[in-house]
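If you read the sequence from its start, that first residue is 1, and numbering goes on from there.
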Amino acid sequence: MDLEKRYSRLPDRDYANFRSMFDSIFDRFGGLPAVKAKPDPGSPYTVWTYADVRRESYAAGRFLLSKGLSAGDRVCVMSENRPEWCFAYIGIVAAGLVVVPVDSTMDAAGLAGIIAASRSRALFYSPSLGAKVAEALVRAPVDLAIEFTAAVGDRRPAEKPSAVSSAAVERFGWLELGSSGDAGSGGSPDDGAERDARGLPAPTAIDGDAPAVIIYTSGTTGLAKGIVLSHRGVISNVNAAIQSLNVDTRDVFIAVLPLHHTYAATCTFLSPMAAGGDIVFIERIVPSVVLKHIREAGVTMVIGVPLLFDKIKQGIRAEVQKLRPLVRGLIGVLMGVSGFCAKSLRVPAGRVLLSFIRRKAGLATVRLGVAGGGPLALDTAEFFDAIGFNLVQGYGMSENGPLIAVNLPEYKDNRSVGLPVKRTLVRIADPGPDGVGEIQVRSPSMMLGYLDAPEATRAAVTDDRWLRTGDLGYVDKRGFVFITGRSKNIIVTEGGKNVYPEEIELRFEGSAWVSEALVLGRKVSGHNAGEQVIAVCVPNWDRVDAERGNVPRGEFALERVRDEVRLVNKSLPSFMKIVDFIVRDDEFEKTSTRKIRRFLYADYGRAPAAERPEAGR
């Protein structure tokens, strides 16, 4: 495919900085719905137009500047997903300040650490996090702390925030920021534009190459670094997302990923806004609630992690199993036919043959699903292809803002993470005989560097300014990018073979008895010996308990996991086979994008079997 021609279908959205971008967005789409949320599950949606968003957001920016903050000052935002999170972000960057999104699940010590490391002067936070915020601010005070309203869309006068009681911190409620209206009262697209922007710096006063966002991510290594992204860098990535996914004013997105992560901020928040789309916020991120809002709001785009789509797939299959045998058999035949058409003929026959399944599941309005933040199981991708649901996967990292590659809606390979997005170059460094090497990236979205960490920055970027992803993979003749594993995770066998743990872990996807699997290398005794492949498995304890009868829980689970490991080994070449496995009681600790924090479990590769705790007690 001619990517340059493909990416020229939509006009580029190039802006000098966020203030210019949002001025243009609000002027162009002022009367259109931008954000909607329900104050409670039984109520109708509260809708904010783009004019409403401008009023709320710019009020927040003016307020911060009125309290003495100036260009380049940092402001933390810590909250669950809600419209005010977006308003605070926009206000901060439009005022020439720097936004520091914080994971709402982080503890007080973690928040205090980020405030101190980023030298933030202000903090926006959710009332539900008040106690944690209060504890953090004792350790690391800020000048201002602004609490969001208790309920989404709540315009009632609120009491002075009480949870944050430090005398060193000036406290305010969201309604004290000076916005002048309720959701839906924005009026015509031109109403109040000059008023709302009064007190903010002129667009020409903000350097597009200056920091706009600092992302703190511990990822799976446990080493938190502040990733500094510029105005132009993030905006370039937003433009690339819109070009690849064909986003426009007809699209309705649903916010199911935590917005503090760059994947969600770029793809679920900034991209739909830049294209004039609509964003739906939901009260709980569980499949049943997600599907309910997809149906009620007419959602067209679902951006999620692979686990979300795995859960939806499992739910659909469970419902099909409840049907009469004859109906189940008919659906099985239709699935087989549509799956063959999708895989072999590239014809989406499932869109017609199995439209009733999508309608019943609540997915009828969705035109595209995008999975990122981890590998998408081939079984899941092919299942959605079979039912006529267009699901693609992408690839990125926060240091690139984050998008690097994504499959296109009309041109995809379910085994690949996609084609490089617009203005992004991908190369394979030091490829081996199989073409596999480190994936390196160059784009306008690359980070400015790690905050106050020049050595870490130099280690992450090559001398000729390519970003080292740390991922291993290759690019095929069509330009599709394939990931084989992480360079830090490689297992080197006694025979000198490289084993990529992620490839084996994917073989456990869809297992009836193993909920999670982590593959590690265990050093073989002896001088300069290689490693053996071992697997740490978390059983499906619900199924174990339902079917074990009088057999002891641990014994039954051990045998079922052993069967699954044998099954996986049958599909692996000899050098990749699992030689030992460990049964673990609890699920693995994960990042906010559901990646296992591998560094926490390195000891499994070192502990002899006799020293391991027995699982299933």
Side-chain angles (χ1 to χ4, degrees), residues 18-19 22-23 25-26 30 34-35 37 39 46-71 73-102 104 115 120-130 133 137 142-164 166 169-187 191-201 259 269 273 281:
F18 272 122
R19 173 64 198 286
F22 284 112
D23 277 358
I25 290 169
F26 297 144
V35 175
T46 298
V47 179
W48 286 261
T49 66
Y50 278 86
D52 293 327
V53 174
R54 177 188 61 208
R55 185 188 65 247
E56 296 273 357
S57 303
Y58 283 6
R62 291 195 312 268
F63 179 83
L64 293 170
L65 296 176
S66 74
K67 292 297 178 179
L69 273 69
S70 58
D73 283 340
R74 289 82 182 256
V75 182
C76 289
V77 181
M78 187 182 197
S79 170
E80 71 282 358
N81 283 4
R82 56 189 293 157
E84 291 93 338
W85 193 101
C86 301
F87 306 158
Y89 184 112
I90 295 170
I92 293 164
V93 296
L97 308 172
V98 181
V99 63
V100 184
V102 182
S104 64
I115 291 172
S120 288
R121 293 189 57 194
L123 166 69
F124 289 90
Y125 68 97
S126 166
S128 64
L129 307 177
V133 167
L137 294 185
V142 294
D143 296 335
L144 307 171
I146 301 103
E147 183 179 281
F148 294 145
T149 55
V152 170
D154 188 357
R155 307 306 303 179
R156 295 170 297 176
E159 296 180 4
K160 197 76 169 178
S162 57
V164 178
S166 170
V169 178
E170 196 172 2
R171 296 169 288 125
F172 298 91
W174 179 260
L175 299 183
E176 298 176 72
L177 269 56
S179 98
S180 54
D182 295 337
S185 66
D191 252 3
E194 184 178 346
R195 176 204 63 210
D196 292 337
R198 192 174 298 128
L200 294 177
L259 289 174
F269 160 40
M273 292 212 76
F281 286 87

Sorted by chain and residue number, the side chain to side chain contact (heavy atoms under 4.5 Å, CB included) partners of S104 (sequence neighbours excluded) come out as L129
Rounded distance [0.5 Å steps], OG1 in T49 versus CZ in F26: 9.5 Å
Contact check, side chains of V77 and P101, non-hydrogen atoms, under 4.5 Å: no
If we only count heavy atoms from C-beta on, is the Y125 to E147 side-chain gap below 4.5 Å? yes
State, yes or no, whether a side-chain contact exists between I115 and L137 at a heavy-atom distance under 4.5 Å. yes
Between A95 and L200, which heavy-atom pair has the shortest distance, and what is it? CB-CD2, 4.0 Å
Taking side chain to side chain contact (heavy atoms under 4.5 Å, CB included) as the definition, give me every residue that meets it alongside C86, ordered by chain and number, with sequence neighbours left out. L259, F269, F281
In terms of relative ring orientation, are W174 and F148 parallel, tilted or perpendicular, with 30° and 60° separating the classes? perpendicular
All heavy atoms of A122 vs all of L69, minimum pair found to be CB-CD2, 4.1 Å
Closest non-hydrogen atoms of P201 and L65, given as atom of the first, atom of the second and distance, are CD-CD1, 3.7 Å
Do V99 and F18 have side chains that approach each other closer than 4.5 Å (heavy atoms only, starting at C-beta)? no
What distance do L123 atom CG and L144 atom CG have between them, rounded to the nearest 0.5 Å? 10.0 Å
Quick check for you: to the nearest 0.5 Å, what is the distance between D73 atom CG and I92 atom CD1? 11.5 Å
With rounding to the nearest 0.5 Å, note down the distance linking CD1 in I25 to CD1 in I90. 7.5 Å
In terms of heavy-atom contacts, A34 and M273 come closest through CB-CE, 4.2 Å
If you define the side chain from C-beta out and look only at heavy atoms, does anything of D23 sit under 4.5 Å from Y58? yes
I need the E84 CD to T149 OG1 distance, nearest 0.5 Å. 4.0 Å
Test item: D52 and V35 side chains (from C-beta on) under 4.5 Å apart, heavy atoms: no
Backbone of R195 reached by a side-chain donor or acceptor of R55 within 3.5 Å: no
How would you list, by chain and number, every residue that makes a salt bridge (charged side-chain N to carboxylate O under 4.0 Å, His left out) with R74, sequence neighbours excluded? none
Got a second to check how far R82's CZ is from S128's OG, nearest 0.5 Å? 7.5 Å
Return the minimal non-hydrogen interatomic distance between F87 and E56, and the atom names on each side. CD1-CB, 3.8 Å
pair S57-F22: side-chain heavy atoms closer than 4.5 Å: no
Test: R121 and D143 ion pair at under 4.0 Å: yes
Taking every heavy atom of L97 against every heavy atom of A71, the minimum-distance pair comes out as CD2-N, 4.2 Å
